[in-house]
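To keep things clear, I will list the structure first and then write my remarks on it.
Because the structure is a prediction, the values reported are computed rather than measured.
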Amino acid sequence: QVQLVESGGGLVQPGGSLKLSCAASGFTFRYFAMNWYRQTPGKERELVATISAGGSTNYADSVKGRFTISRDNSKNTVSLQMNSLKPEDTAVYYCKAPAYSYWGQGTQVTVSS
(Lines give C-alpha, C1' and ligand atoms only; values in the text may rest on other atoms or scores of the structure.)
Protein backbone atom coordinates (compact mmCIF):
# COMPACT_ATOMS: atom_id res chain seq x y z
CA GLN A 1 0.00 0.00 0.00
CA VAL A 2 2.99 2.30 0.42
CA GLN A 3 3.49 4.21 -2.82
CA LEU A 4 6.34 6.50 -3.81
CA VAL A 5 6.30 8.32 -7.15
CA GLU A 6 9.43 10.20 -8.20
CA SER A 7 9.35 12.91 -10.85
CA GLY A 8 11.33 15.85 -12.19
CA GLY A 9 14.26 14.09 -13.83
CA GLY A 10 15.59 14.96 -17.24
CA LEU A 11 18.60 16.01 -19.30
CA VAL A 12 20.63 18.98 -18.06
CA GLN A 13 24.01 20.48 -18.92
CA PRO A 14 26.94 20.45 -16.47
CA GLY A 15 26.54 23.32 -14.05
CA GLY A 16 22.78 23.30 -14.43
CA SER A 17 20.03 22.70 -11.88
CA LEU A 18 17.14 20.31 -11.49
CA LYS A 19 14.52 19.75 -8.79
CA LEU A 20 13.19 16.28 -8.08
CA SER A 21 9.94 15.55 -6.28
CA CYS A 22 8.58 12.46 -4.56
CA ALA A 23 4.89 12.01 -3.80
CA ALA A 24 4.23 9.59 -0.95
CA SER A 25 1.04 7.81 0.06
CA GLY A 26 -0.13 4.82 2.09
CA PHE A 27 1.40 5.88 5.41
CA THR A 28 1.41 8.80 7.83
CA PHE A 29 4.09 10.74 6.03
CA ARG A 30 4.83 13.40 8.65
CA TYR A 31 6.05 10.83 11.19
CA PHE A 32 8.72 9.25 8.98
CA ALA A 33 12.21 10.11 7.84
CA MET A 34 12.73 10.18 4.08
CA ASN A 35 15.83 9.50 1.98
CA TRP A 36 17.00 10.11 -1.57
CA TYR A 37 19.19 7.48 -3.24
CA ARG A 38 20.74 7.18 -6.67
CA GLN A 39 21.98 4.26 -8.73
CA THR A 40 23.89 3.75 -11.97
CA PRO A 41 23.72 0.31 -13.65
CA GLY A 42 26.51 -1.91 -12.38
CA LYS A 43 27.15 0.21 -9.30
CA GLU A 44 25.86 0.04 -5.74
CA ARG A 45 22.98 2.24 -4.75
CA GLU A 46 24.21 5.38 -2.99
CA LEU A 47 22.47 7.25 -0.19
CA VAL A 48 22.44 10.88 -1.32
CA ALA A 49 20.47 12.74 1.35
CA THR A 50 18.20 12.15 4.32
CA ILE A 51 15.69 14.26 6.20
CA SER A 52 14.23 13.30 9.57
CA ALA A 53 10.61 13.71 10.62
CA GLY A 54 11.76 16.77 12.54
CA GLY A 55 13.51 18.28 9.52
CA SER A 56 17.18 17.63 10.27
CA THR A 57 19.23 16.80 7.15
CA ASN A 58 22.37 14.92 6.15
CA TYR A 59 24.15 14.60 2.80
CA ALA A 60 26.71 12.43 1.10
CA ASP A 61 30.07 14.18 0.79
CA SER A 62 29.79 14.01 -2.99
CA VAL A 63 26.72 16.28 -3.03
CA LYS A 64 27.18 18.39 0.08
CA GLY A 65 26.86 22.09 -0.70
CA ARG A 66 25.16 21.41 -4.04
CA PHE A 67 21.99 19.47 -3.16
CA THR A 68 19.22 20.37 -0.71
CA ILE A 69 16.58 17.98 0.61
CA SER A 70 13.29 19.33 1.94
CA ARG A 71 9.81 18.10 2.80
CA ASP A 72 6.29 19.47 2.73
CA ASN A 73 4.20 17.49 5.19
CA SER A 74 0.99 19.23 4.09
CA LYS A 75 1.47 17.76 0.61
CA ASN A 76 3.19 14.46 1.55
CA THR A 77 6.16 15.28 -0.65
CA VAL A 78 9.93 15.28 -0.33
CA SER A 79 12.10 17.21 -2.79
CA LEU A 80 15.73 17.28 -3.86
CA GLN A 81 17.05 20.54 -5.28
CA MET A 82 20.20 19.81 -7.29
CA ASN A 83 22.52 22.65 -8.28
CA SER A 84 25.93 22.79 -9.97
CA LEU A 85 25.28 19.41 -11.53
CA LYS A 86 28.19 17.26 -12.70
CA PRO A 87 28.28 14.36 -15.18
CA GLU A 88 28.94 12.00 -12.28
CA ASP A 89 25.53 12.93 -10.85
CA THR A 90 23.95 11.00 -13.73
CA ALA A 91 21.83 8.22 -12.22
CA VAL A 92 18.33 7.03 -11.49
CA TYR A 93 17.15 8.80 -8.35
CA TYR A 94 14.81 7.15 -5.83
CA CYS A 95 13.08 8.31 -2.67
CA LYS A 96 12.42 5.93 0.21
CA ALA A 97 11.21 5.86 3.78
CA PRO A 98 13.83 3.93 5.81
CA ALA A 99 11.04 2.27 7.79
CA TYR A 100 9.64 0.56 4.67
CA SER A 101 11.13 -1.76 2.08
CA TYR A 102 9.27 -0.30 -0.90
CA TRP A 103 11.16 1.11 -3.90
CA GLY A 104 9.44 3.14 -6.59
CA GLN A 105 10.41 3.34 -10.25
CA GLY A 106 12.78 6.27 -9.80
CA THR A 107 13.45 9.20 -12.12
CA GLN A 108 16.36 9.45 -14.55
CA VAL A 109 18.79 12.36 -14.26
CA THR A 110 21.32 12.77 -17.06
CA VAL A 111 24.00 15.46 -16.88
CA SER A 112 25.70 15.88 -20.24
CA SER A 113 26.77 18.53 -22.71
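- When all heavy atoms of Thr40 and Ala91 are compared, the closest pair comes out as OG1-CB, 3.8 Å.
- No side-chain heavy atom of Ser56 sits less than 4.5 Å from a side-chain heavy atom of Ile51.
- Put simply, the side chain of Arg38 reaches to within 4.5 Å of the side chain of Val63, judged on heavy atoms.
- A heavy-atom distance below 4.5 Å is not found between the side chains of Asn83 and Phe67.
- Separating the OG atom in Ser7 from the CD atom in Gln105 is a distance of 13.5 Å, to the nearest 0.5 Å.
- To the nearest 0.5 Å, atoms OG (Ser21) and CD (Glu6) are separated by 9.5 Å.
- Atoms CE and OG1, from Met34 and Thr57 in turn, are 15.0 Å apart once rounded to the nearest 0.5 Å.
- Although no hydrogens or angles enter the test, the distance criterion places no donor-acceptor pair under 3.5 Å between the side chain of Gln81 and the main chain of Ile69.
- Leu20 and Tyr102 fall within the same hydrophobic cluster, where Ile, Leu, Val, Met, Phe, Trp and Tyr residues are linked whenever their side-chain heavy atoms come under 4.5 Å apart, directly or through other members.
- Remark: Lys64 engages Asp61 in a salt bridge, criterion side-chain N to carboxylate O under 4.0 Å.
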Full working for side-chain contact (heavy atoms from CB on, under 4.5 Å) between Leu18 and Leu85: CA-CA 8 Å; Leu18 203 61; Leu85 283 162; 4.0 Å; yes

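- Heavy-atom neighbours of Gln1 CD from other residues, nucleotides or ligands within 6.0 Å: at or below the threshold of 12.
- For the pair Thr107 and Val92, the minimum side-chain heavy-atom distance is 4.5 Å or more.
- Proximity of Leu11 to Ser112: side-chain heavy atoms (C-beta onward) are separated by under 4.5 Å at one or more points.
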Steps toward side-chain contact (heavy atoms from CB on, under 4.5 Å) verdict (Val109, Met82): CA-CA 10 Å; Val109 172; Met82 306 185 296; 3.8 Å; yes

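- When all heavy atoms of Leu4 and Ala97 are compared, the pair lying nearest together is CD1-N, 4.3 Å.
- For the pair Glu46 and Ser62, the minimum side-chain heavy-atom distance is below 4.5 Å.
- The cluster map of Ile, Leu, Val, Met, Phe, Trp and Tyr, joined by side-chain heavy atoms under 4.5 Å apart, puts Phe32 and Tyr94 in different clusters.
- Classification of the Tyr100-Phe27 ring pair by plane angle, with boundaries at 30° and 60°, yields tilted.
- Residues Ser84 and Asp89 share a closest heavy-atom pair of O-OD2, 4.5 Å.
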Ser52 and Arg71: CA distance, side-chain angles, deciding distance, side-chain contact (heavy atoms from CB on, under 4.5 Å) verdict: CA-CA 9 Å; Ser52 73; Arg71 66 191 299 156; 6.0 Å; no

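- Residues in residues 35-65 take part in these ring pair (Phe, Tyr, Trp, His ring centres under 6.0 Å) pairs, two or more places apart or across chains: Tyr37-Trp103.
- Looking at heavy atoms from C-beta onward, Thr90 lies in side-chain contact with Gln108 at the 4.5 angstrom threshold.
- The two residues Phe29 and Val78 have their closest heavy-atom pair at CZ-N, 4.2 Å.
- Counting only N and O atoms by type, the side chains of Asn35 and Thr50 include a donor and acceptor under 3.5 Å apart.
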Step-by-step side-chain contact (heavy atoms from CB on, under 4.5 Å) determination, Gln39 to Glu44: CA-CA 6 Å; Gln39 186 165 30; Glu44 292 186 354; 5.8 Å; no

